[in-house]
Amino acid sequence: MKLAPHLHRLGNDIVASYLIDLPEGITLIDAGLPGHWNDLQRELAEIGRPLSDIRGLVLTHGDGDHIGFAERLRREAGVPVFIHAADAHRVRTGEKPKTAMGPARLGPTLGFFAYGIRKNALRTHHVSEVVEVGDGDVLDLPGAPVVIGMPGHSPGSIAVHVPVADAVFVGDALTTRHVLTGKVGAQPAPFTDEPADALASLDRLAGVSASWVLPGHGAPYRGTPADVAAEVRAAV
C-alpha cells in the first residue's frame, strides 16, 4: 500500500513492514512474517519493479515477526540483511530472554496468533548471514538510511530514519496498536526485554525530523517523533 511518494507499507495494522522506492533502487525496512513474501511480490508488481531492484533489507530488531521473509530474500535474491550488532545473535538463532506477557484480551490475542498462522509464522527461518550495523551509521542503500540505537525492546533495537521519505521506522520501540489488547494509540510495545530502557530510548527520537512515524504493529503515525514519544510516555 502506497503511503506517500517513495513510501509503501506491506502487511497491515497487525504486522507491518515497509518499502522505500527510489530511482536508484529499493530499501526494505523489516520483513514481517514469511507469508508477507506474497505481499512483497504484489507491491513490486504494482510499482513495476523487479525483485532485483532491492538493494538491502534493514531489520529494526531480530524478533520473528520482523524477520519473516528475510532469509528467503537473502538466499534467493542475494539481498544483504542489516541488523544492529547487539541483535545479530538473536536473528541468527532465535534465542531471546523470556518476557512477561503483560495485559491481554482474548479476542485481539487470538487474532494476532491466527494472523501469524495464516502468514506462516511457524515457518520463519533465522537469518544465517547478516551485516552488522551500529548507532549513527548511514547505510549505503537507497535513501541513505540512518541507524538510531533504541535499546530496550531488545538490546539491538533500532529506529531507521530515511529523510527522503520524511519517515522514521521504529519497529517495536513503540506501537500504535497493542497486539494483545487491541488498544489503539501510541503506547509501549509488549514483549519488551527492558521496558524502562525502552522508554528512555524514546529521547533519541526527539531530534529526528520526520512527519511519518512507522511502527511494526499499528497504524502509521502522522506527526513528529517528539510528539509520538510524548504520547507513549503519557500512556504508561
Side-chain angles (χ1 to χ4, degrees), residues 10-11 14-18 28-37 56-104 109-110 112-137 139 145 147-160 169-175 178-180 188-202 204 215-218:
L10 309 177
I14 301 177
V15 179
S17 58
Y18 299 92
L28 298 177
I29 310 293
D30 282 337
L33 298 164
H36 286 126
W37 177 262
L57 164 62
V58 185
L59 298 175
T60 59
H61 60 294
D63 287 347
D65 54 348
H66 292 256
I67 72 170
F69 58 75
E71 177 64 6
R72 182 174 183 179
L73 186 67
R74 188 200 66 80
R75 188 178 63 247
E76 295 186 9
V79 173
V81 178
F82 299 80
I83 193 165
H84 192 283
D87 263 29
H89 181 74
R90 183 180 295 216
V91 80
R92 289 190 185 107
T93 66
E95 294 177 8
K96 56 180 288 188
K98 295 193 176 192
T99 57
M101 187 168 174
T109 300
L110 290 178
F112 175 55
F113 288 109
Y115 182 75
I117 290 170
R118 289 200 304 275
K119 290 293 187 179
N120 295 323
L122 299 178
R123 298 181 182 179
T124 300
H125 292 280
H126 305 309
V127 185
S128 58
E129 295 180 19
V130 296
V131 179
E132 297 183 6
V133 302
D135 179 46
D137 288 355
L139 306 183
V147 175
I148 303 169
M150 300 285 291
H153 184 77
S154 69
S157 283
I158 62 172
V160 183
F169 306 85
V170 296
D172 286 357
L174 59 92
T175 186
H178 195 295
V179 295
L180 301 181
F191 304 116
T192 291
D193 289 3
E194 300 291 345
D197 291 347
L199 282 175
S201 287
L202 294 175
R204 312 213 64 210
H217 309 278

Legend entry - Nearest atoms (heavy-atom pairs only) where L57 meets V79: N-CG1, 3.8 Å

Legend entry - H217 side-chain N/O to I14 backbone N/O, donor-acceptor pair under 3.5 Å: yes

Legend entry - Nearest-0.5 Å distance, CG of residue L122 to CG of residue N120: 8.0 Å

Inset, instruction - Examine distances only and state if a side-chain atom of S201 and a backbone atom of P151 form a donor-acceptor pair shorter than 3.5 Å. - result: yes

Legend entry - Residue pair K119 / V15, side-chain heavy-atom distance below 4.5 Å: no

Inset, instruction - List the atom of S17, the atom of D30, and the distance in Å for their closest heavy-atom pair. - result: CB-O, 3.3 Å

Inset, instruction - On the 0 to 90° scale, with breaks at 30° and 60°, tag the H153-H61 ring pair as parallel, tilted or perpendicular. - result: perpendicular

Inset, instruction - Taking all non-hydrogen atoms of both residues into account, name the closest pair between A173 and M150 and its distance. - result: CB-CE, 3.8 Å

Inset, instruction - For R75 and S128, test the side chains for any donor-to-acceptor distance below 3.5 angstrom and give the result as yes or no. - result: no

Inset, instruction - State, yes or no, whether a side-chain contact exists between V91 and V81 at a heavy-atom distance under 4.5 Å. - result: no

Legend entry - Reported CD-to-OG1 distance for the pair E71 and T124, which is rounded to 0.5 angstrom: 11.5 Å

Legend entry - Main-chain N/O of G216 paired with Y18 side-chain donor or acceptor, under 3.5 Å: no

Inset, instruction - Search all heavy atoms of A121 against all heavy atoms of L33 and return the closest pair with its distance. - result: CB-CD2, 3.9 Å

Inset, instruction - Check the pair F82, I158 against side-chain contact (heavy atoms from CB on, under 4.5 Å), reporting the backbone distance first and the verdict last. - result: CA-CA 11 Å; F82 299 80; I158 62 172; over 6 Å; no

Legend entry - side-chain contact (heavy atoms from CB on, under 4.5 Å) evaluation trace for T60 with I29: CA-CA 7 Å; T60 59; I29 310 293; 4.0 Å; yes

Inset, instruction - Work out which heavy atom in H126 is nearest to a heavy atom in R92; give both atom names and the distance. - result: CB-O, 3.2 Å

Legend entry - Working for salt bridge (charged side-chain N to carboxylate O under 4.0 Å, His left out), residues D193 and K96: CA-CA 9 Å; D193 289 3; K96 56 180 288 188; 5.3 Å; no

Inset, instruction - State, with a plain yes or no, whether a side-chain heavy atom of D172 is found less than 4.5 Å away from one of S157. - result: no

Legend entry - Test item: D87 and P155 side chains (from C-beta on) under 4.5 Å apart, heavy atoms: yes

Legend entry - pair E129-R74: side-chain heavy atoms closer than 4.5 Å: yes

Inset, instruction - Work out which heavy atom in P145 is nearest to a heavy atom in V160; give both atom names and the distance. - result: CB-CG1, 3.6 Å

Legend entry - Aromatic ring pairing F69/W37, orientation class (parallel under 30°, perpendicular over 60°, tilted between): perpendicular

Inset, instruction - Could you check if a side-chain atom of T99 sits within less than 4.5 angstrom of a side-chain atom of T192, using non-hydrogen atoms only? - result: no

Inset, instruction - Step by step, work out the side-chain contact (heavy atoms from CB on, under 4.5 Å) result for L59 and V130. - result: CA-CA 10 Å; L59 298 175; V130 296; 5.7 Å; no

Legend entry - Donor-acceptor contact below 3.5 Å, side chain R204 vs main chain G149: yes

Legend entry - D65 CG to Y115 OH distance, which is reported to the nearest 0.5 Å: 11.0 Å

Legend entry - Under 3.5 Å donor-acceptor, T109 side chain and L180 backbone: yes

